[in-house]
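What follows is a single structure, written as structure tokens, with notes after it.
Sequence lines set the chain letters: A, B, ... in the order given, protein chains first and strands last, and positions in each chain run from 1. Since we're looking at a predicted model, the values are computed, not measured.
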Number of protein chains: 4
Amino acid sequence: MMVIMKKGHSEEELTAILKRLEETGLSGHTIKGVERTVVGVVGQVYPELADELETMPGVDDIVPISKPYKLASREFKPDDTTIKVGNVTVGGGSTVVMAGPCAVESEEQLMTTARAVRAAGGHILRGGAFKPRTSPYSFRGLEEKGLQILAAARQETGLPIITEVMTVRDIDLVARYADILQIGARNAQNFVLLEEVGRTGKPVLLKRGFASTVQDWLLSAEYVISQGNRQVMLCERGIRTFETATRNTMDLSAIALAKRLSHLPVISDPSHGTGKWYLVEPMAMASIAAGADGLILEVHPNPDRALSDGSQSLTFENFRLLMERAQAVTQALGRPLVVPSASAAGV
Amino acid sequence: MMVIMKKGHSEEELTAILKRLEETGLSGHTIKGVERTVVGVVGQVYPELADELETMPGVDDIVPISKPYKLASREFKPDDTTIKVGNVTVGGGSTVVMAGPCAVESEEQLMTTARAVRAAGGHILRGGAFKPRTSPYSFRGLEEKGLQILAAARQETGLPIITEVMTVRDIDLVARYADILQIGARNAQNFVLLEEVGRTGKPVLLKRGFASTVQDWLLSAEYVISQGNRQVMLCERGIRTFETATRNTMDLSAIALAKRLSHLPVISDPSHGTGKWYLVEPMAMASIAAGADGLILEVHPNPDRALSDGSQSLTFENFRLLMERAQAVTQALGRPLVVPSASAAGV
Amino acid sequence: MMVIMKKGHSEEELTAILKRLEETGLSGHTIKGVERTVVGVVGQVYPELADELETMPGVDDIVPISKPYKLASREFKPDDTTIKVGNVTVGGGSTVVMAGPCAVESEEQLMTTARAVRAAGGHILRGGAFKPRTSPYSFRGLEEKGLQILAAARQETGLPIITEVMTVRDIDLVARYADILQIGARNAQNFVLLEEVGRTGKPVLLKRGFASTVQDWLLSAEYVISQGNRQVMLCERGIRTFETATRNTMDLSAIALAKRLSHLPVISDPSHGTGKWYLVEPMAMASIAAGADGLILEVHPNPDRALSDGSQSLTFENFRLLMERAQAVTQALGRPLVVPSASAAGV
Amino acid sequence: MMVIMKKGHSEEELTAILKRLEETGLSGHTIKGVERTVVGVVGQVYPELADELETMPGVDDIVPISKPYKLASREFKPDDTTIKVGNVTVGGGSTVVMAGPCAVESEEQLMTTARAVRAAGGHILRGGAFKPRTSPYSFRGLEEKGLQILAAARQETGLPIITEVMTVRDIDLVARYADILQIGARNAQNFVLLEEVGRTGKPVLLKRGFASTVQDWLLSAEYVISQGNRQVMLCERGIRTFETATRNTMDLSAIALAKRLSHLPVISDPSHGTGKWYLVEPMAMASIAAGADGLILEVHPNPDRALSDGSQSLTFENFRLLMERAQAVTQALGRPLVVPSASAAGV
């Protein structure tokens, strides 16, 4: 941490800073520049220190140096983390595709979709049983009935399932059914929920918040990992910007950057990221090219009858075409689609 | 809702739209303009309809007309909502001041602060016992011990207390102590939490999310009110923008706008909104001038020793000066500081 | 400037940095922390240095320390700059009001408005003769004819005039008529234009760009001042954020902050800032409370017949009411409305 | 255009709207819904109408239907526009690469770079002679000397050249040397400049503004095209958001969307878009996958000695590797790198 002193600070003010650092077991190295005096803080800094120092007389600004996340960083663990989900390995150089409807609406809807996902080469089945909705008057999911339908689809198709958990109250229930626990964008900084899913030991897919910086996102992952669970997949799903032509603004450079700063796999969600089915395919390809380890996509038998997010869902045929194109692009990039391991259970 | 057809759509596509509307008990009125055909949808629209129609062939865009919130709107309830908290009334033409430390750190810290708040004319005591922190390594509050200290301070000073609840798991505990339940910005779209605090029947202060539009914010209030609890105060605390010179960007026009769109009282939090103690006073005055019904402020005996958010906390002296200035400004605006009612309990 | 080294950098990499600094006449002070090595750069840093160092092997990040603007800073000139415009002084503790139509549409429209502005106590007359419009198909102003009408209005009412100059080509023409040259938000980083208006020696009102940080804004002012012209008024007019309920998001904390960082007067434009006439009055009062030295407002005889920005224009009656309220609020804040000096010319 | 009436509007208010529309040669079709009355406006709407109607009594909101740009839209011209620049065709199914230093610094620097660009298979040479810089104290280019060096490099290598023009004053000068006139992000809404480059009849590369929506960007293109010049390339170079880990946030969905809404070619600038050389390659590949017709890249012989934007420049070796990868990815996508035509002049 660097303490930037105001121009014209007094010697007493500088001495007070140095004394305060000493009291807390740190040391300060003073550099007197042409315009500014800067104090470099050496030692194990604690999170509140910046706020404390910033209010001291003579201080102009505080500049952090160390990154606040540790366990999620590539500096801490240089090699890629891979996560085993059923017979599929996420991360480590190949590309995984998770697909399914936004919400589980009925057994027929999900089963038909699951078969289409499998037939087209998808690896993991997605589907929401608990849906966070901006309006209290929207459809909010079939809850446990939805989880049971997902489990039946896994039983038939062998596809592992990913589904969202919205509150600590439901973790046990959801964890009984799901192979991957999904944390939604609106809960990206629901810290109690993050710790509790960390304690389950299950793989977690952590969506980036609408307004989370890459650093915030990695700190949210840190909350999960700090409970002993390193099976975290980061998921870019668009941030909120001034642009309204798309539902959100996908930040693909965050995918490339997260791969550099962290060892965790990164998944891209172009369905929520764009909100327009016709942008899903180009942004899916672009995400892979940017370095994503996989995709999570919305597929629905009848997007125009979907109870949630129809406008961003692919038809089965469009999903099939996307998978064909993904095959070509992932090969050109040297990160081919995952081949599930032989020990596939449940098929 | 208006359905905007693509240029060059076919008659069959238009007919399909009209048929679909009929099926769902709605009717469509077609307007053929110079460039576009538009279908006006008449009837009680359900939330998923927009997504469904947007995916139908020939449709270019969907434009919602009705506002998605009802109970929170001024159209639904034209007169200002007032909320009684202990001997203080929030809303209805006067200005209320809530103040105290970001986090409860010790009995001494809180008691000293509570006395200073009361002496300077503050109305309600704030203090966090459960703290949401971006980093898992930061101080996260004294939990129940903090609540007990708050209750003791209320006992001595007569000031009602407001404190944050972060998770459904803690609602019962926090509600036993608090006069107002605070929902933080990171939980602004934690819909399960919103509904559950709605069920307590206690006054709720609902912070706007970092990336919540005014409409999102009112929909979050709708979640609380839809459980039968109309005692909701909206709280503007800054949104996330490209500007980094301040911690957040306070959106004071949202205060004026929320007062127009909704009957709920609006409180302003310039401490979190700016993150800089020296901006708190001007932005507090500006918030009142923009129409806020009150302020929530961070005050600390030693901001440079605070365990949380020291850089944005006022000293006792600065708080006293702010209250003097608030006195003058609220009088000039015709919305004077609240006078607590005589039936004050607990003093 | 601080150079943050990567974890695990080599000694050679560090030595290369220090050598490079020496070559350019600077010196580097190395601080080896627990996690990171940091090099503090001492000497007169040039703007390109950060980019150069950032690409050198072993470097993780560069952190600037000095502020890049000089002449615009309060550190350079601690006392408030005041600017004399006709018989009115902008800055220095009182509040100035500039008002008039968005665009000059006709002699009658402007004369009527000028009289209403004067009658209600406004100080300076605004009106656009050259209008920047997002669409090439919108009304773009009466050009020189508009300037002549403005001059006639000044002649009759004695009000100095402010009008926009959009391109270097028109500077001479506009400067012949205007008392203040306005630089619009879309030209906030049109650096050639900034320098050229700097050379005229006329007072300049510099609007903040949609996407300009406070630092960018002060650097734009620096361009004008660096040509020897210190008569610069900063103007906050809203930034672009995700919020669409208002035309822009007014950043009133930027007003308070600019007053702290710079000696220049700051004017607020709640008409463009909000885009809604019913938000103009509360945001005008809030701007003054946040520390603005003045307001610039859109007033029109028939807002519903305006050729530009009707939806954000005040009627004469609403302007009169706003001025009454401004009287009360500015007095309460100790920064009363300007009293024009006796030596008023042209009346 | 749709006029949304307030709840509880009077019949007189509605009649006044209809009468006003009639006066201006339009007609209004009233739809009375369950909650709202809406008036659909039929006829050739003019840009100011929305503002006018919004201020009339009883009106709640105005919703535009038609897109404000015409000539730039794919509805107006369904097939892709292709632009011939020297022996290279931009647009129409293949991928073009423009590369070179941010700023021309010396003959040696540019010549070396031009040869490296050509050797690696680049098609067009970029280099700034006039540089817009945030700070007035930064290097601003060699001006005409820089243009002469660019022309000499074209002479030797046969590569057409693209360079920025910052002000109307310099258009004639720059147009004498350049094959493509570049309009920078800060001038994206400098409407006078847009029209004047439109009048030159030269190909124009139009960067998206920091805060321009896709609609704004297309309207800026409309300014150029409305002067009779359809040779416009759109260029995505990142927008300003809350994320600070990258210089800007690249909005690749805007590339896919612009290709759908417009017939113009779209170029991507991952150097400015990310500001980090190590993100350029992944974002270049991602841009192509998102549908870009080409790339514009910063390449420098010694990025650590560059006078501008060194941190985002590629070395020759990194550029060569990028071109190899681009070869594979463009082939997989069916949009291979452009093959210059045989009639190459100047080689």
So which part of [X] gets closer than 4.5 Å to some heavy atom of chain C, the side chain, the backbone, both or neither?
X	value
B/T244	neither
B/T241	side chain
B/R240	backbone

Nearest-0.5 Å distance that lies between atom [atom1] in [X] and atom [atom2] in [Y]:
X	Y	atom1	atom2	answer
C/R247	B/S253	CZ	OG	13.5 Å
C/E243	B/D216	CD	CG	8.5 Å
B/D251	C/D251	CG	CG	9.5 Å
B/F242	C/I239	CZ	CD1	4.0 Å

Over all atoms of both residues, closest heavy-atom pair of B/M283 and C/A290: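 The pair with the smallest heavy-atom distance is SD-CB, 4.4 Å.
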How far apart are the closest heavy atoms of C/A332 and B/A332, and which atoms are they? CB-CB, 3.6 Å
Heavy-atom pairs under 4.5 Å with chain C - which of B/L261, B/I255, B/L279 has more of them than the others?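 Option with the top pair count is B/L279.
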Heavy-atom side-chain contact between B/K276 and C/L257 under 4.5 Å: no
Heavy atoms, side chains only, cut-off 4.5 Å: are B/L252 and C/M250 in contact?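 The answer is no; the side chains never approach within 4.5 Å.
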Can C/R325 and B/L333 be said to form a side chain to side chain contact (heavy atoms under 4.5 Å, CB included), step by step? CA-CA 8 Å; C/R325 204 158 165 87; B/L333 290 159; 3.6 Å; yes
